[in-house]
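Notes for the one structure printed next.
In the text below, chain A, chain B and the rest are named by the order of the sequence lines, each starting its count at 1.
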Amino acid sequence: MIDLRALRDDPEAVKASQRARGADPGLVDTLLAADAARRAAVVRADELRTEQKTLGRSIGKADPQERPALLERGRALAADVKVAEAAEAEAGAALTSAHRAIPNVIEGAPPGGEQDFVVLEHVGEPTDFDFEPKDHLALGEGLRAIDTERGAKVSGARFYFLRGVGAQLQLAMLNLALTTAIGHGFVPMIPPVLVKPEAMEGTGFLGEHSDEVYRLPADDLYLVGTSEVPLAAYHSDEILDLSSGPVRYAGWSSCFRREAGSYGKDTRGILRVHQFDKVEMFSYCDPADAAAEHRRLLGYEQEMLAAVEVPYRVIDVAAGDLGSSAARKYDCEAWVPTQQAYRELTSTSNCTTFQARRLGVRFRDADGRPQVAATLNGTLATTRWIVAILENHQQADGSVRVPAALRPYLGGREVLEPA
RNA sequence: GGAAGCGUGCCAGAGCGGCCGAAUGGGACACACUGCUAAUGUGUUGUGCUCGUCAAGGGCACCGAGGGUUCAAAUCCCUCCGCUUCCGCCA
C-alpha cells in the first residue's frame, strides 16, 4: 500500500509512476476521492460517538424523573451511531480497495514494459566452446544428476528429481549461499513454507499473481513461492529496533509455483519448475537507507555469481515489469549457452514501505516515533543456477568442471563425471 | 479428537456494566540529590485514526479476533483463534 499522506501532498508523482508502469493514472483520483470520503465519514461517526458518550455518562447520575427521557434520547443516538458506523465501515472498505489497486510508486525504474529494461553491466563473456555444447538436461542426465522423466511420472510435468551429484551440487550451492549470507551479517532462517492468507496477502502475492500460488483450501493455507513471504510476515505488527542498521535474514526454503499461463514455455529441464529450493536475502531497514541496502543486496548476489563463475549481465527492470510491491528491481541474468540468451538467476527488489505498511512493520526514528520500515529482498542461489553452472562449465566429454568455490562443499571434487 | 482453565499496557499483575486507557509492582527513560557507582526522591512511560499549519491543543477507537445484548461493556452472551493442563489417538 502506498503512503496516503504522501499521495495527498503530491498526487502527480503517483500518477507519473502509474504512467511509467503502463497502469491507469485515473486510479489515483479514485483513491483520493475514497480517502476524502472516508475521512468525512470518520468525522461524522466520531461526533455522534462523542455525543453518545456524554449523554451516556449523564444517565448514570441522572435522577429518576429525568431518566426515561434520557434513555429515549440514548436509544435514538445509538441508532444514529450504528448508521454512521456502517457508513464509516463502507467508506473504509472502499478506501482499502482503491488503495490496493495502486502498485508501489517507482523509484528510478526505467519506464516501459518487459523489454524496456536497461542493462547496467556485463560481467564475463558468453562462454565459447570448441565443441557442440549440450543443454543442462542432457548434461544432467549424463551425470545421472537430473531425472525429469521420473519427476513427471511421480508428480507431473515441471517436477524433477535431483539425484546423486545433482542433489549434492544443489546443497553445495545453497550452503555456499548461506555461508556467504552469514558472513555478511544475515541471520539464517528456515521458515515455514505454508502460510496463512494474511501473510500471502500482506506480501502482495494475492493480487494479480494469485493464480501463481498453490492454495490448500482444506486448511486455508498457502504454499509460498519464496521465503520472502514468511520472512516479511515474520515481523508483522511489530516495532523493530533499526538503530544499529538493517535487520537481515537469509531464508532457506523450498518454493512452490503453479506456473499458470506459462504453458509450453521452458518445458525442457529444470529452468521453470513447480518446486525448487532457494536461499533468499531479506532486509528490514530505515526507508532512508533502502536504496543503499538495495545496492548492497545486488552486490552480494554478484559475489555469489562470481563464485560460481558464470557470465551474466545486470539489468534495471522496467517499471511495467515490476511486481506491485517493488519500487525498483535489479535482475542478474546468466548466459545460457544452448539458448544463446541471458536468463534470470537472481532478482532483488526494493519494496520501500509498500509491503511493510500492509504488514504493519515499523521502527522508531531518531525522535522515537514509530515509522513504517522499508523491506527488500534478493536471491542468493536457486535450483535454476544448476542450469547455468552445468552449461557454462561443461567439457567435450560431458563432464562438468566444478567452480572452485563449490569444491569444499563437494568433498573437494573438481569435475563431475558422466556416470 | 474430548474435558477444564486462561488470553489486560515493555514485563508481572488487579479490575464493581457507567467515575477504566485502565490500580499496583518491576523495568526503561528524564530530572534532582550524591565526588563516581549504588541507593533515594520526583516525573515520564502505548498504538492507530481524525480535526488542526503533519504546531499548540482537541475528538474517536483499541484490554486475543469477530459478532451480539445494553442508553453505556475490559467487565454479560455467542463464534473463532492461541496458550496451558488432563484424557484419548498417532508416532
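- Projected onto RNA chain B by closest heavy-atom contact, Arg49(A) and Arg39(A) fall at different nucleotides, the more 5' of which corresponds to Arg39(A).
- To the nearest angstrom, P of C54(B) lies 14 Å from CG of Asp3(A).
- Of the P atoms belonging to U84(B) and C36(B), the separation is 49 Å, rounded to the nearest Å.
- Rounded to whole Å, the separation between the P atoms of G48(B) and C10(B) comes to 12 Å.
- When both distances must be under 3.5 Å, the Watson-Crick or G-U wobble mate of G9(B) does not exist.
- Across all strands, Arg38(A) comes closer than 4.0 Å only to sugar-phosphate atoms, never to a base (heavy-atom distances).
- Base pairing of A30(B): its partner is U42(B), meeting the Watson-Crick or G-U wobble criterion (both donor-acceptor distances under 3.5 Å).
- For G15(B) and G68(B), the C1' atoms lie 23 Å apart once the distance is rounded to whole Å.
- Ring centers of Phe161(A) and Phe159(A): at least 6.0 Å apart, outside the cut-off.
- Using a 4.0 Å cut-off between charged side-chain N and carboxylate O, Asp237(A) and Arg362(A) make no salt bridge.
- Side-chain atoms of Ser283(A) and Asn377(A) include no donor-acceptor pair closer than 3.5 Å.
- Residue Lys53(A) has its side chain nearest to C60(B) when only C60(B), G46(B), C49(B) are considered.
- In this entry C16(B) has no Watson-Crick or G-U wobble partner, no candidate having both defining distances under 3.5 Å.
- Here Arg369(A) lies out of heavy-atom contact (under 4.0 Å) with every strand.
- Between U8(B) and G46(B), the distance separating the two C1' atoms is 13 Å to the nearest Å.
- Comparing C29(B) with A23(B), their C1' atoms are spaced 22 Å from each other, to the whole Å.
- A donor-acceptor contact closer than 3.5 angstrom is absent between the side chains of Tyr284(A) and Arg248(A).
- Taking atom P on both C19(B) and A61(B), the two are 12 Å apart, rounded to the nearest angstrom.
- Salt bridge status for Arg257(A) with Glu259(A): absent, with no side-chain N to carboxylate O gap under 4.0 Å.
- Nucleotide A72(B) forms no Watson-Crick or G-U wobble pair with any nucleotide shown, as no partner meets the under 3.5 Å limit on both distances.
- Within the shown strands, nothing qualifies as a pairing partner of C63(B) under the Watson-Crick or G-U definition with both distances less than 3.5 Å.
- OP1 or OP2 of U69(B) sits under 4.0 Å from a side-chain N or O of Lys82(A).
- Comparing the P positions of A91(B) and C77(B) gives a spacing of 41 Å, expressed to the nearest Å.
- Taking atom P on both nucleotides, C16(B) is separated from G7(B) by 12 Å, rounded to a whole Å.
- Residue contacts for Arg357(A): at a heavy-atom cut-off of 4.0 Å it reaches no nucleic acid atom on any strand shown.
- Annotation: of the two residues near RNA chain B, Gln52(A) and Val43(A), the 5′-most nearest-nucleotide partner is Val43(A).
- The pairing partner recorded for A3(B) is U85(B), the criterion being a Watson-Crick or G-U wobble arrangement whose two distances lie under 3.5 angstrom.
- With respect to the salt-bridge test (charged N to carboxylate O, under 4.0 angstrom), the residues Asp9(A) and Arg5(A) do not qualify.
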